[in-house]
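To keep things clear, I will list the structure first and then write my remarks on it.
Within every chain, numbering begins at 1; the chains are lettered A, B, ... in the order of the sequence lines, protein sequences first and strands thereafter.
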There are 2 protein chains.
Amino acid sequence: MIKKQLIMEKSLELFAKQGFEATSVQQITEHCGISKGAFYLSFKSKDELITALIDHFMSQFISNIDYVVKNTINDDQLLFEFYYATFDSFQKQSDFARILVKEQMQSFNEDLILKFHSYDRLIEKIILEMIENLYGEDVKHTKYDLIYCIKGFMSMYSQLFLFYNVPIDSNLLSQSLVEKTNLLAKHTTIPFISEDLIDMIKQPIKDDVTKEQVLELIEQKLIELGDSIEKQSLILLKQQLLEPTLSPVLVKGLLENIRNHPHCKWIGFLLRRYFGF
Amino acid sequence: MIKKQLIMEKSLELFAKQGFEATSVQQITEHCGISKGAFYLSFKSKDELITALIDHFMSQFISNIDYVVKNTINDDQLLFEFYYATFDSFQKQSDFARILVKEQMQSFNEDLILKFHSYDRLIEKIILEMIENLYGEDVKHTKYDLIYCIKGFMSMYSQLFLFYNVPIDSNLLSQSLVEKTNLLAKHTTIPFISEDLIDMIKQPIKDDVTKEQVLELIEQKLIELGDSIEKQSLILLKQQLLEPTLSPVLVKGLLENIRNHPHCKWIGFLLRRYFGF
DNA sequence: TTGACAAATGACCAGTTAGTCATTAGTATA
DNA sequence: TATACTAATGACTAACTGGTCATTTGTCAA
């Protein structure tokens, strides 16, 4: 057990410097002063070690910020406490934070990407909860943009001290970001990330969409939609799906009709793929 | 020459999917349908290929946004044009953009990190120039924060379409970010990134390009280029470098001639700086 | 001191890597 | 056709990878 911890600590240093792939088990065992066999007594594989590291630190980080969001009574302080907790965690576990920034998008292993991804979702969920607590209905249309901006702040400013070894004043940094976040929350009027777009991201991107799935989605939208160009276009597109009669250029025009309607973007996306545009 | 291009194009696809390290020369040569030996006739090493790719695309991207910043007359449109050019570039060269996001912080090779770094600094410089043009003295204390926020927007929103295969409306996205940027520029009062902090981060970066370096580059391009408007323009620009005789407006016209040729963008950028446009 | 058992070792395996080079194929000139 | 030269090949090397396992070492109780 104690050896497991030793390996985790020592390997973290190497991973932070070189990345997962570029760090060999040999290097790790040398850095720990143990043999290769000993390593495999503690972990079944290199992947298992990596997974253990990610789970260990991510669960800690997420619990931290979740606690802050759920237990800060004073709304005026919530944002500040959130940012403070974030940068505090990042500084205390800077080796892991470095890995996080480096590997999040890059990992060779498909499972790891999924893992990072699902943790990322959790973080977004916590941020969303915070935003809704703070601003409520005011940010109904801009809340997803706000999530992305907050995440952008977190990652850009983290890089400052993670990769440049600059000493930072977490207090000032958090205050500064609180002001920026409030500004965006209170005055943004042009959202980019719609609920629809979020749906697109959420759904695992399967390459092939079946006709049936699209039809089902269209049916659903037809119920929601009032009479409009979009609705009429959707009806024609549905017929085209069932029995192709229109020429490609007409289909393309119909797709263009629904392109800018926020609730039809996903369907448009799927149809473009289905029709091969 | 033509083979070099083939290798660059095909390897880009693999690098974008798997990253630099996880892509072997073997895979690249198979993907190209050539032998291993043929690869090493075009590039001295795998590293040289990677370096060539980065230089090729980064110089194009930087030239693009620099041109926009320097040549958008209407201040009201500048920010929009900047964001639009950014996302346009990213979409048109999405394979490279994916690499950029993935490898920027991660590269195994020390030289690559420095390379990315110096390009990053160039981008920051262009953004700074834009901000100072737009807001002048108003953002004297917050301009460095603004740079980081803009970079944060660029990277977070890029990830949306780069990694989720989501179709995006560049127009709306740019508008949305223009509003956010303006909000931050006009109302931020608590800066975090001071000039001091920037100094700490700054590592020496060769800012100035000598006349000789540009001349050398031009000579090289002249050999590669077939007879064309671009080539004739380059010849005249070379003469202008050696012995200034043409009026600024003529020089500007020549620069315009080579602007959209993918192999001349970098030279265009350097020349614009050299002639002070 | 002996014997039993777990802990730890490192030589070894099969596979992959970047890079080389003797050999061959292709092509243009005489 | 013969010669000269370049372009291209792919078997090869040496180094390294994650992972295994027969062997050795250390630590107990009897």
Measure [atom1]/[X] against [atom2]/[N] and give the value in whole Å, please.
{"X": "B:Leu49", "N": "C:dT17", "atom1": "CG", "atom2": "P", "answer": "16 Å"}
{"X": "A:Glu30", "N": "C:dG10", "atom1": "CD", "atom2": "C1'", "answer": "12 Å"}
{"X": "B:Gln26", "N": "C:dT20", "atom1": "CD", "atom2": "C1'", "answer": "14 Å"}
{"X": "A:Tyr40", "N": "C:dA6", "atom1": "OH", "atom2": "P", "answer": "23 Å"}
{"X": "B:Lys46", "N": "D:dA15", "atom1": "NZ", "atom2": "P", "answer": "19 Å"}
{"X": "A:Gln18", "N": "D:dC16", "atom1": "CD", "atom2": "C1'", "answer": "14 Å"}
{"X": "B:Ile28", "N": "C:dG19", "atom1": "CD1", "atom2": "P", "answer": "11 Å"}
{"X": "B:Asp47", "N": "C:dG19", "atom1": "CG", "atom2": "P", "answer": "7 Å"}

Tell me which nucleotide among [options] gets nearest to the side chain of [X].
{"X": "A:Ala38", "options": "D:dG18, C:dT9, C:dA18", "value": "C:dT9"}
{"X": "B:Ser35", "options": "C:dA8, D:dT9, C:dA18", "value": "D:dT9"}
{"X": "B:Ser24", "options": "C:dA18, C:dA8, D:dG19", "value": "C:dA18"}

Worksheet item: Around atom NZ of B:Lys238, are there more than 12 heavy atoms of other residues, nucleotides or ligands at under 6.0 Å?
Response: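 Check fails, neighbour count at 12 or below.
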Discussion item. Is it the case that atom CD in B:Glu216 sees more than 12 heavy atoms from other parts of the structure closer than 6.0 Å?
Written reply: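 Not more than 12 within 6.0 Å, no.
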Discussion item. Counting the atoms with a prime plus P, OP1 and OP2 as sugar-phosphate, which does A:Ser42 contact under 4.0 Å by heavy atoms, base, sugar-phosphate, or nothing?
Written reply: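 Nothing, no nucleic acid heavy atom in range.
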Item to complete: Could you label the plane-to-plane angle of the A:Phe20 and A:Phe15 rings as parallel, tilted or perpendicular, counting under 30° as parallel and over 60° as perpendicular?
Response: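 Perpendicular.
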Item to complete: On DNA chain D, check which nucleotide each of A:Gln27 and A:Gly37 is closest to and give me the residue with the more 5' one.
Response: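 The 5'-side residue here is A:Gln27.
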Discussion item. Once rounded to the nearest 0.5 Å, what's the spacing between atom CE of B:Met58 and atom OG of B:Ser89?
Written reply: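 Output value for this atom pair is 10.5 Å.
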Worksheet item: Cationic tip of B:Lys36 within the cone over B:Phe39's six-membered ring, i.e. under 6.0 Å and within 45° of the normal?
Response: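 No, B:Lys36 does not lie over the aromatic ring of B:Phe39.
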Worksheet item: Has the side chain of A:Lys36 got a donor or acceptor atom sitting under 3.5 Å from an opposite partner on the base of D:dG19?
Response: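 Side chain to base: pair found, below 3.5 Å.
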